[in-house]
Amino acid sequence: MLFAAGDAGGSPWRSDKATNRMTSMNRGSERRVPQRTWLRRTLRCSQVEAVASSTMTATGDNFFNAFAIYLQASIVQMGWLTAFPQFFGAVFQLLSVWLGAYIPRRLLIAIFAVIQALVVAAMGVLALFHPEWGMLALIVLAIFYHASMNVIQPQWRAWMGSIVPRRRRGVFFASRTRLTMATALVVFLAGGAMLSLSEASGKAWLGFLLLFGAAAIGRFISAWLLWEMHDPDPHVPAAQSRQFAETMRHTLQSLKDRTFRNYSLFVAGMQGMVAISAPFFAVYMLSELQFSYLQYSLCSISSIATQFVTLKFWGRMSDRVGNRLVMVITSCILPTLPLWWLISPNFYYLLWVQAISGFAWSGFSLSTANYLYDIRPHRTNFAGYAAVQSAIGATLVFAGALFGGYLAAAAPYIRDQLPFKLGSAIFVVFICSALLRSLVALWFIPRAVEPRVRHHPHLLKIVYRVARFNSISGMVLDWLTVTSRKDEEAKK
């Protein structure tokens, strides 16, 4: 659980009464003037930080595959690039809370933000020198990239959940998401145009160097802004650390619950089946269709912009007909998405296909997040519950991406054995992913139940925000679990 600003204990190396009185006075002072001093400045820094960090996240989630193709990655290595970073990232997300019990979270976040900036800068160095072992280095760097992101995410979530005023949370995160989206669109367009121009002049390395250089500078600025922000609760209380461990044990036991188990296997299974084909859409567009980097970026924008535009529509649909029905509808659309790519290689047609993809992923992401909140036990911390579900999903993404890489390597032989012709060997991977997505959906639909929708309290217990987004595998909704001290005392 997260606590309101000013709940952290005093300095552990000072136990005398005078120090305790001084600490209490400082806390009272912070409560009296939060809007005039550190709170206003911190929230303003956070909005600017959203723009700075988006230059990196927009690059990392959507240009890594293109960079791997530039480094002449093998088809199996494309699968590795998705599998290993996602798996290790999930592991580090679980480790983040443990680290936060020993390191002040502002310091922890700033350190890993700097590490992430250095990782992205190192990718620019790879573009400059283009060594023979560049692809293996990229995979290692991608692992550190995702590990850093997943260490930061839970700590940042707790930080913002404790200081953003309750009445401003919706407005604050909506504004932050708009800034993130606007910055991402600029990065997509500018990055795609820059890469296309550099490739046309025979200097593709320069385009990637500038792209990753800009992303690294943005993350360095982001780290500085994070350090400038104020954290009234720098240390996680020991009781909170124990509570997290107890929550994790309770959540693991909850896998015995049929509804949660079916849901977890369904979401993780769908993510795993998507991972089979996800890395190879970039291969198809850039290597086989010979799209320019600008065309590749526009295809990404088509999906991502549709996800943002239709998010409110799916939110209203979930309120009217329930999350289960939205999950069923979108899970029936998702298996068809890879098959649309088999029909035509026309650029404008694929823009339309990507828009359909964004429409489906928007509803799927929102409904599955809401469904998880509705089915969790009331006394379970939503953060721990979602972390376990994410870990299961990461495991199947790891397996699916590895399988997809080896399947893509064998795809030319498989295509030759088929009684019908396929325009590309990669279509074998697309068809396999579509069939397995269908099996996951068919397995889950009869088992899906409509949970009793919770009556939300006057103060929201959960706030969603768009954390990351991808043109192929949809947006990632981050969440904040929010409670006040009165809530905690009531439970006791």
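This chain uses plain numbering: 1 for the first residue, then up along the sequence. Predicted model only: the values in this text are computed from it and were never measured.
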Would you check if M327 and Y263 make a side-chain contact, meaning some heavy-atom pair closer than 4.5 Å?
-> yes
Salt bridge or not for R44 and E49, using N-O below 4.0 Å?
-> no
Spell out, as yes or no, whether a donor-acceptor pair under 3.5 Å connects the side chain of S297 to the backbone of Y293.
-> yes
Pairwise distance NE2(H230) to CZ(R40) - rounded to 0.5 angstrom | 15.0 Å
Give a yes-or-no answer on whether the side chains of T183 and S54 include a donor-acceptor pair shorter than 3.5 Å.
-> no
Considering the options T306, I304, L337, which one meets the side-chain contact (heavy atoms from CB on, under 4.5 Å) requirement together with W361?
-> L337
Measure the spacing between CD1 of I217 and OG1 of T55 and express it to the nearest 0.5 Å.
-> 9.0 Å
How close do T330 and A360 get, heavy atom to heavy atom, and via which atoms?
-> CG2-O, 3.6 Å
Reported CG-to-CD1 distance for the pair L138 and I143, which is rounded to 0.5 angstrom | 10.0 Å
Just by modelled atom types, is the W340 backbone N or O under 3.5 Å from a matching donor or acceptor in the Y349 side chain?
-> yes
Indicate the atoms forming the closest heavy-atom contact of S201 with S198, along with that distance.
-> OG-O, 2.9 Å
S277-R437 side chain donor-acceptor pair, cut-off 3.5 Å = yes
Plane angle bin for F87 and F398 - parallel if under 30°, tilted between 30 and 60°, otherwise perpendicular = tilted
In short, A110 meets A223 closest at the heavy-atom pair O-CB, 4.2 Å
Where do A127 and L209 come nearest, in terms of heavy atoms and distance?
-> CB-N, 4.1 Å
Which pair of heavy atoms, one from M229 and one from C45, lies closest together, and at what distance?
-> CG-CB, 3.6 Å
Do the non-hydrogen side-chain atoms of F364 and V326 ever get within less than 4.5 Å of each other?
-> no
Check: S302 side chain, Q354 main-chain N or O, donor-acceptor pair, under 3.5 Å | no
Between G191 and L211 the two heavy atoms that sit nearest each other are CA-CD1, 4.0 Å
Can you tell me how far the CG atom of L210 sits from the CG atom of L195, to the nearest 0.5 Å?
-> 9.0 Å
ring-ring contact (aromatic ring centres under 6.0 Å, His included) between F430 and F280, worked out = CA-CA 9 Å; F430 292 175; F280 304 105; 8.0 Å; no
To the nearest 0.5 Å, atom CD1 of I109 lies from atom CD of Q153 at 11.0 Å
Validation row: L436, I276 side chains within 4.5 angstrom (heavy atoms) | yes
Tell me, do M135 and W80 make a side-chain contact under 4.5 Å, heavy atoms counted?
-> no
Side chain of R219, backbone of V119: donor and acceptor closer than 3.5 Å?
-> no
Does S148 use its side chain to pair, donor to acceptor, with the backbone of F144 at less than 3.5 Å?
-> yes
The residue among S367, S365, S362 that forms side-chain contact (heavy atoms from CB on, under 4.5 Å) with W314 is S362
Is there a donor-acceptor contact under 3.5 Å from the side chain of E288 to the main chain of M285?
-> no
Is the backbone of F313 close enough, under 3.5 Å, to the side chain of T310 for a donor and an acceptor to pair up by distance?
-> no
Min side-chain heavy-atom separation M194-L206 under 4.5 Å | no
Step through it carefully: locate the ring centre of F208, locate the ring centre of W205, and say whether they are under 6.0 Å apart.
-> no
Step-by-step side chain to side chain contact (heavy atoms under 4.5 Å, CB included) determination, V187 to M56 = CA-CA 9 Å; V187 170; M56 181 206 63; over 6 Å; no
Just how far is it from atom CG of L351 to atom OG of S300, taken to the nearest 0.5 Å?
-> 10.0 Å
Do T180 and R176 have side-chain atoms, one donor and one acceptor, less than 3.5 Å apart?
-> no
Is F427 atom CZ crowded by more than 12 heavy atoms from other residues, nucleotides or ligands, each under 6.0 Å away?
-> yes
In sequence, state the C-alpha distance, the side-chain angles, and the governing distance for Q155 and W159, and then conclude on side chain to side chain contact (heavy atoms under 4.5 Å, CB included).
-> CA-CA 6 Å; Q155 301 299 330; W159 188 2; over 6 Å; no
Does any non-hydrogen side-chain atom of R106 lie less than 4.5 Å from one of L226?
-> no
Can you name the side-chain hydrogen bond (donor to acceptor under 3.5 Å, both in side chains) partners of Q72, sequence neighbours left out?
-> none
How are the rings of F63 and F188 set to each other: parallel, tilted or perpendicular (split at 30° and 60°)?
-> tilted
Do the side chains of F212 and L126 get nearer than 4.5 Å, heavy atoms only?
-> no
Test log, rule side chain to side chain contact (heavy atoms under 4.5 Å, CB included), inputs Y284 and S424 = CA-CA 8 Å; Y284 178 62; S424 169; 4.2 Å; yes
Minimum side-chain heavy-atom gap L81-N65 below 4.5 Å | yes
What's the verdict on side chain to side chain contact (heavy atoms under 4.5 Å, CB included) for I69 and M78, showing C-alpha distance, side-chain angles and the deciding distance?
-> CA-CA 8 Å; I69 294 170; M78 292 298 297; 4.3 Å; yes
